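Some notes on the structure that comes next.
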Number of protein chains: 2
Amino acid sequence: MESPKRAATRAASVERIKATARAQLACGGAAALSLREVAREMDQTSSALYRYFANRDELLTALIVDAYNDLGVCTETAERKIDRGDLRSRWRAACRAIRQWAHAHPHEYALIFGTPIPGYEAPAFTVAAATRATGVIARILNDDCAQTTRKTNERDDDEAARALEMSGVQVLMPDVPASVALRGLFAWTQIFGFLSFELFGHLEGSIRRGDDAFEKLIEQTSHQVGLGVEQ
Amino acid sequence: MESPKRAATRAASVERIKATARAQLACGGAAALSLREVAREMDQTSSALYRYFANRDELLTALIVDAYNDLGVCTETAERKIDRGDLRSRWRAACRAIRQWAHAHPHEYALIFGTPIPGYEAPAFTVAAATRATGVIARILNDDCAQTTRKTNERDDDEAARALEMSGVQVLMPDVPASVALRGLFAWTQIFGFLSFELFGHLEGSIRRGDDAFEKLIEQTSHQVGLGVEQ
DNA sequence: CAATATTGAGAGCAGTGCTCTCGTTTAGTA
DNA sequence: TACTAAACGAGAGCACTGCTCTCAATATTG
């Protein structure tokens, strides 16, 4: 059934294919990714690639999972370096890591956060990779709420709880009241909304120094979710 | 040179092509838009379409401009119905209109705010249409600042002014101090960030009732930019 | 009515994803 | 070490795409 040598060379082939596909992605985006071109680049026939990926979508899925994981580890390692108690700094580190990764891999960012592939449903096994970066900033918020209990408006909490899918949110942030979790989710959409606009060119003519603006955004969001402020 | 009759029938043809293309866009997204299929749907040959659009990108551009304009008029008409003095309500109306349009035309939303077409540079004439919806919320903020002068932190203003491309922002919001304009821009990215996440499926498992969450978001953003609060 | 644009059809080219078949190579085994 | 079965890659081929070209039919203008 499983031959270790076979498996190793096969994995190496898969990796080589993904690498050249990624390179091709970098110049032209997902739409321009051509299996034939990848094969040509590798001095092979296109049909050979079908030994490793059933079709184009499957290759794309593999690249998406890799991108999610790469973004995840970048965020995790950057955030881990910060003193656990300094929640604002952890927030900053995580946000900066996300933006840095996005700027370093714009096409892979687009693959993840851009228009979803038409008629393509992300396989269930991708969600683990997908929630990795999100998990970092969720954990920061959770740590904050765990150590400083917050006064929250009861009505706000009820309304927020109704809007949220509590099963999904609570598993990431068990100690965070619903109203705060919702604000956290808004901060999350704001970070990625800014990055999408920046990378997709919607900020052209509006923002000159993206770095400065993003720093301001980090401060605003961390304040918004009430990080590190005694209440 | 210009024959009015010719021009009319030609415009009608262009409109018919765009309509069937839009219909096709609705089931499959931009990547699945095929000129041949459009022609087939119209009982014509694909080559005939090239009398009206030089290539696929040009058709796509036309659809993009239309989408921008459609989103623009929807936002404008919704916001215009509100009493000029009630700035919070105007903000709410504009945001709701944007979300409503996005949900009614998800594929056209994706066309505009999703992954940009690879290697495709938006022609200059598209920006007028593109800034239409943006202009509405910018005007609200501007009206607010025009009637109630704000106390702003001088250092904040300087830093914000450095980050912003003032030429682009000031033409839309001449009466808004830089620090407030930056917060407005952040609110803008948040609205569209939320919508992108919502439509592209990144909120799956996190949010149950998008409507409620969005209402909360509207309140938060309008508060964030300091709408209608005497300062 | 005649000259002239404007239009659509049809064939054809180069490219794509994907399938199938057919030799070759390779890894584990008797 | 020789053998078998699995894995592999090449090549041809199908249906599809965007796009170009030529040629005939149509509509508009002098």
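No experiment lies behind these values; they were computed from the predicted model shown. Numbered from 1 within each chain, the chains take letters A, B, ... in sequence-line order.
Rounded to whole Å, atom P of D/dG9 lies 13 Å from atom CZ of A/Phe53. For the pair A/Glu58 CD and C/dG17 C1', the computed distance is 14 Å after rounding to whole Å. Here C/dC18 presents its P atom at 11 Å from CG of A/Leu49, a figure rounded to the nearest Å. Note: CG (B/Asp43) to P (C/dG10) measures 12 Å, nearest angstrom. The nearest whole Å value for the distance from the CD atom in A/Gln44 to the P atom in C/dG17 is 15 Å. Put simply, CZ on A/Arg40 is 11 Å from C1' on C/dA14, counting in whole angstrom units. As rounded to whole Å, 11 Å separates atom P of D/dT17 from atom CG of B/Leu33. Separating the CD atom of A/Glu37 from the C1' atom of C/dG15 is a distance of 11 Å, rounded to the nearest angstrom.
For A/Ser47 against D/dG11, a side-chain N or O and a base N or O form a donor-acceptor pair under 3.5 Å. Counting distance only, with no hydrogens placed and no angle test, the side-chain atoms of A/Arg36 and the base atoms of C/dG15 include no donor-acceptor pair under 3.5 Å.
Between B/Arg10 and C/dT7, a side-chain N or O to OP1/OP2 separation shorter than 4.0 Å is present. Phosphate contact (OP1/OP2 of C/dT7, side-chain N/O of B/Tyr50, threshold under 4.0 Å): absent.
With respect to the salt-bridge test (charged N to carboxylate O, under 4.0 angstrom), the residues B/Arg99 and B/Glu198 qualify. At a threshold of 4.0 Å, the pair A/Arg96-A/Glu215 counts as salt-bridged, since one of the basic side-chain nitrogens sits closer than that to a carboxylate oxygen. By the 4.0 Å N-to-carboxylate-O rule, A/Glu219 lies too far from A/Lys216 to be salt-bridged with it.
Using a 4.0 Å heavy-atom cutoff across all strands shown, B/Leu59 reaches no nucleic acid atom at all. Using a 4.0 Å heavy-atom distance criterion, A/Ser13 is classed as making no nucleic acid contact.
The nucleotide whose nearest atom lies closest to any side-chain atom of A/Leu35 is, among C/dA9, D/dG9, C/dC18, C/dC18. Closest contact between the side chain of B/Ser34 and the listed nucleotides D/dC19, D/dT17, C/dG17 involves D/dT17.
Annotation: A/Phe113 is not in aromatic contact with B/Phe200 [ring centroid separation under 6.0 Å not met].
Of the two residues contacting DNA chain D, namely B/Thr9 and B/Arg51, the nearest-nucleotide position lying further toward the 5' end is that of B/Arg51.
Between the side chain of B/Ser196 and the main chain of B/Gly193, no donor-acceptor pair closer than 3.5 Å is present.
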